[in-house]
Amino acid sequence: MNPTDPLAQLRDIHLPETISWWPLAIGWWVVVAICLLCISLGAIYMLNHFFGRRYRRQALAQLKRLPDSNQHQRLVDLFSLLRQVASSAYPEQNFSSLSNREFIAFLQKTSPKALFVDLPNNWEQLFYSKQPSITADFVNQLIQQGRLWIKQHPRILKLEQRC
């Protein structure tokens with residue numbers, strides 16, 4: 001080595017220290033906070049939606065358990081169940097004081113589709129007669145329409161907007 005050679009005194013190129021990932025920069029803390037907020041709000045929304053629809057699931061399960069033998073009893077049980085569902089969905093209204101005609105009008109008004117429109121003229125007498133002439137097809141049709149109403153009736157806010 002030549003002591004007068006300045007190139008001989010140079011050292012090799014060295015790399016800087018690696019950048020540590022911890023502690024995080026302030027921008028990453030903001031991103032983490034926003035993600036946690038979104039996840040928690042989404043979970044709260046999903047839980048409210050799930051528990052807010054519980055009465056519908058229970059009513060549909062009870063609708064499946066209606067007896068198959070006595071058509072008059074099936075009809076009475078159906079409208080009793082529909083009144084319970086309406087009371088759960090709209091607790092500020094008193095459905096027990098409504099007549100059957102008024103209750104059917106309420107169901108029709110709150111239904112997104114045309115339901116309970118093919119009722120016979122003497123349908124109110126079917127609830128109270130001792131020997132009603134109710135066919136199984138008629139009751140099955142009403143149960144199907146009741147199932148649709150349970151699944152699709154609007155929430156309270158939407159109902160207030162429609163009235």
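Because the structure is predicted, anything quoted here is derived from the model rather than measured.
- S111 approaches W149 most closely through the heavy-atom pair CB-CD1, 3.9 Å.
- R83 and N100 share a side-chain donor-acceptor pair at under 3.5 Å.
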- Message: Does L78 form a side-chain contact (heavy atoms from CB on, under 4.5 Å) with L63? I'd like the steps, not just the answer.
- Response: CA-CA 7 Å; L78 170 67; L63 196 60; 3.6 Å; yes
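- Ring centroid separation for the pair H153 and Y55 comes in under the 6.0 Å cut-off.
- Contact record, R56 with I150: NH1-O, 3.0 Å, taken as the closest heavy-atom pair.
- Rounding to the nearest 0.5 Å places CG of L66 at 9.5 Å from OG of S80.
- Of the possible donor and acceptor atoms, one in the side chain of E102 sits under 3.5 Å from a partner among the backbone N and O of S99.
- One finds the CD1 atom of I104 at 7.5 Å from the CG atom of L82 (value rounded to the nearest 0.5 Å).
- Although no hydrogens or angles enter the test, the distance criterion places no donor-acceptor pair under 3.5 Å between the side chain of H49 and the main chain of Y45.
- Using cut-offs of 30° and 60° on the angle between ring planes, the pair F103 and F79 is perpendicular.
- In the hydrophobic clustering of this structure, W21 does not group with L15; members are Ile, Leu, Val, Met, Phe, Trp, Tyr whose side-chain heavy atoms approach within less than 4.5 Å, directly or through other members.
- In this structure, L81 and A59 approach most closely via the heavy-atom pair CD2-O, 3.6 Å.
- Side chain of R74 to main chain of I143: no donor-acceptor pair is present (N/O by atom type, distance under 3.5 Å, no hydrogens or angles).
- Residues L60 and R147 are in side-chain contact: their nearest non-hydrogen atoms beyond the backbone lie under 4.5 Å apart.
- Note that CG of L119 is 9.0 Å distant from CZ of R101, once rounded to the nearest 0.5 Å.
- A donor-acceptor pair under 3.5 Å links the side-chain atoms of Q108 to the main chain of F116, judged by distance alone.
- Shown here for F95 and Y90, the closest heavy-atom pair between the two residues is CE1-O, 3.7 Å.
- Hydrophobic clustering of Ile, Leu, Val, Met, Phe, Trp and Tyr side chains at less than 4.5 Å, counting indirect connections, keeps W28 apart from V30.
- Distance alone, capped at 3.5 Å, places no donor-acceptor pair between the Q145 side chain and the L115 backbone.
- A single hydrophobic cluster is not seen to contain both F106 and V117; linkage of ILVMFWY side chains at heavy-atom distances under 4.5 Å, directly or through other members, places them apart.
- F138 has its side chain out of reach of D118: every pair of non-hydrogen atoms, C-beta onward, lies at least 4.5 Å apart.
- A donor-acceptor pair shorter than 3.5 Å cannot be found between the side chains of R65 and Q62.
- Residues R57 and F50 are in side-chain contact: their nearest non-hydrogen atoms beyond the backbone lie under 4.5 Å apart.
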